[in-house]
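Structure below; questions to follow.
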There are 2 protein chains.
Amino acid sequence: MIKVYTPATAAVGVEEVLRLLEGRWKLVILFHLFGGKVQRYSDFEKLIPGISQKMLAQQLRQLEADGIVARKLYPQVPPKVEYRLTEWGQALCPALDALLKWAEQRDGFGNPARAGRPTSGGPAA
Amino acid sequence: MIKVYTPATAAVGVEEVLRLLEGRWKLVILFHLFGGKVQRYSDFEKLIPGISQKMLAQQLRQLEADGIVARKLYPQVPPKVEYRLTEWGQALCPALDALLKWAEQRDGFGNPARAGRPTSGGPAA
DNA sequence: CAGTATCCCGCTTGATACTG
DNA sequence: CAGTATCAAGCGGGATACTG
């Protein structure tokens with residue numbers, strides 16, 4: 001079954017994907033899980049400096065609700081929880097790579113080295 | 001030259017890309033330009049119901065500043081302005097397709113038909 | 001250990017009006 | 001035709017404190 005998109009439906013489709021990925025910390029979380037890695041709640045707190053417990057929990061819950069990460073609770077005291085990617089979540093990796101590759105091409109197309117809006121750069125602050 | 005990413009730098013890279021794409025109307029605009037299509041300001045107003053002049057202008061300016069769309073002004077009265085994608089902007093299309101394809105795979109991985117957060121679906125309202 | 005509950009602030013968006 | 005200017009609202013996110 002091949003889906004056909006109009007400009008409007010394609011845009012909506014991509015927007016839905018972006019909505020899954022938007023959120024100040026989701027990408028970092030994801031990239032700490034790609035490749036089959038498994039992390040505990042406290043691992044993320046160490047791996048991601050600056051994140052608050054509220055945000056960590058919130059972003060994880062959303063990723064879980066969206067079927068991207070899987071949560072495994074070990075009912076013991078003290079509690080132990082593991083996070084890993086779902087199969088579908090893993091499948092996201094190549095798509096994100098495509099975006100990265102696209103970004104890398106930027107200066108390859110005779111683009112005048114982004115005068116307008118530095119994406120991060122500018123002279124080292 | 002092959003770029004090497006850590007979880008953190010990869011996340012930042014993708015975030016930078018997402019920042020270019022975020023904005024209530026950018027994707028629709030983009031999809032109305034993919035395939036070499038050229039549009040005038042007023043075309044967008046017709047093609048995109050609900051968009052205000054302020055938002056249209058703003059999103060176009062940002063896309064232009066980011067090197068994704070090119071603006072061509074014909075100095076005449078009344079003014080005429082055309083928008084098209086840059087080469088780099090065109091190159092974004094396959095990457096977005098990858099995201100769309102990923103979204104389509106969702107139910108293919110034994111995902112329980114997204115109980116948590118319907119991305120749009122649910123039984124026809 | 002792994003969370004939840006509140007309060008507050010900034011930024012993006014929307015509505016509306018005006019102009020070269 | 002192709003914009004700019006101004007003002008207010010909504011929502012995501014940060015700081016902080018508390019709990020099974």
Side-chain angles (χ1 to χ4, degrees), chain A residues 11-12 14-30 32-33 38-66 69-84 116-120, chain B residues 11-12 14-30 32-33 38-66 69-84 116-117 119:
Chain A
V12 171
V14 176
E15 277 159 16
E16 279 168 6
V17 170
L18 294 196
R19 211 163 301 133
L20 307 182
L21 271 24
E22 280 168 27
R24 180 75 181 74
W25 307 95
K26 287 190 186 171
L27 269 318
V28 223
I29 292 174
L30 252 23
H32 277 296
L33 291 174
V38 177
Q39 311 282 3
R40 298 182 54 172
Y41 187 90
S42 53
D43 293 331
F44 285 123
E45 295 196 85
K46 292 162 200 156
L47 289 167
I48 310 175
I51 196 172
S52 69
Q53 295 187 308
K54 169 192 164 185
M55 289 312 292
L56 177 53
Q58 181 191 102
Q59 308 278 289
L60 283 171
R61 297 248 169 284
Q62 291 182 11
L63 289 169
E64 189 194 356
D66 290 330
V69 320
R71 184 183 121 111
K72 183 164 189 181
L73 165 69
Y74 296 83
Q76 57 185 41
V77 183
K80 173 180 172 182
V81 181
E82 281 183 352
Y83 294 91
R84 74 191 65 241
R117 334 193 80 207
T119 33
S120 87
Chain B
V12 171
V14 176
E15 277 159 16
E16 279 168 6
V17 171
L18 294 196
R19 211 163 300 132
L20 306 181
L21 270 24
E22 279 169 26
R24 180 75 181 75
W25 307 96
K26 287 190 186 172
L27 270 317
V28 221
I29 292 176
L30 252 22
H32 278 295
L33 290 174
V38 176
Q39 311 281 2
R40 298 182 54 171
Y41 186 90
S42 52
D43 292 331
F44 285 123
E45 295 195 87
K46 292 162 199 156
L47 289 167
I48 310 176
I51 196 171
S52 69
Q53 294 186 309
K54 169 193 163 186
M55 288 313 293
L56 178 54
Q58 180 192 104
Q59 308 278 290
L60 284 171
R61 298 247 169 282
Q62 291 183 11
L63 288 168
E64 188 194 357
D66 290 331
V69 320
R71 186 183 119 111
K72 183 164 190 181
L73 165 69
Y74 296 82
Q76 57 185 41
V77 181
K80 173 180 172 182
V81 181
E82 282 181 352
Y83 294 91
R84 74 189 66 239
R117 332 192 82 205
T119 34

Inset, instruction - Let me know the distance between CG of B:Leu56 and P of C:dT16, rounded to the nearest Å. - result: 18 Å
Legend entry - Residue A:Val81, side-chain heavy atoms: nucleotide from C:dG14, C:dA2, D:dA2 that is nearest: C:dA2
Inset, instruction - Round to the nearest Å and state the distance from A:Gln59 atom CD to C:dA2 atom P. - result: 18 Å
Inset, instruction - Grab the CD-P distance between A:Glu64 and C:dA2 for me, whole Å please. - result: 14 Å
Inset, instruction - Would you tell me if any nitrogen or oxygen in the side chain of A:Arg61 comes within less than 4.0 Å of OP1 or OP2 on C:dG3? - result: yes
Inset, instruction - Determine yes or no for a side-chain-to-main-chain donor-acceptor pair under 3.5 angstrom, with B:Gln59 supplying the side chain and B:Ile29 the backbone. - result: no
Inset, instruction - Ignoring backbone atoms, establish whether A:Ser52 has a side-chain N or O less than 4.0 Å from OP1 or OP2 of D:dG14. - result: no
Inset, instruction - Please check if the side chain of A:Tyr41 supplies one atom and the backbone of A:Gln53 the other of a donor-acceptor pair under 3.5 Å. - result: yes
Inset, instruction - Return the value, rounded to whole Å, for the distance between atom CE of A:Met55 and atom C1' of D:dC11. - result: 12 Å
Inset, instruction - Would you mind reading off the distance between A:Lys46 atom NZ and C:dA2 atom C1', rounded to a whole angstrom? - result: 12 Å
Inset, instruction - Could you state the atom-to-atom distance from CZ of B:Arg19 to P of C:dC11 in whole Å? - result: 14 Å
Inset, instruction - Determine the contact category for A:Lys54: base if any of its heavy atoms lies under 4.0 Å from a base atom, sugar-phosphate if only primed atoms, P, OP1 or OP2 are that close, otherwise nothing. - result: base
Legend entry - OP1 or OP2 of D:dA2 under 4.0 Å from side-chain N/O of B:Arg40: yes
Legend entry - 5' precedence on DNA chain D between A:Arg24 and B:Pro79 (nearest-nucleotide basis): B:Pro79
Inset, instruction - Check whether any side-chain N or O of B:Tyr83 sits under 4.0 Å from OP1 or OP2 of D:dG3, and answer yes or no. - result: yes
Legend entry - Value in whole Å for how far the P atom of C:dG14 lies from CD1 of B:Ile48: 12 Å
Inset, instruction - State, yes or no, whether a side-chain contact exists between A:Val69 and A:Leu30 at a heavy-atom distance under 4.5 Å. - result: yes
Legend entry - Earlier contact from the 5' end, DNA chain D, for A:Glu22 and A:Gln53: A:Glu22
Inset, instruction - Return the nucleotide paired to C:dA2: Watson-Crick means purine N1 to pyrimidine N3 with N6-O4 or O6-N4, wobble means G-U with N1-O2 and O6-N3, both under 3.5 Å. - result: D:dT19
Inset, instruction - Look at the side chain of B:Glu15 and the backbone N and O of A:Leu27, then say whether any donor-acceptor pair between them is shorter than 3.5 Å. - result: no
Legend entry - Below 4.0 Å: OP1/OP2 of C:dT12 and any side-chain N or O of B:Trp25: no
Legend entry - Salt-bridge contact B:Arg19-B:Glu16 (side-chain N to carboxylate O under 4.0 Å): no
Legend entry - Nearest-Å distance for atom pair CG/C1', residues B:Leu21 and C:dT12: 16 Å
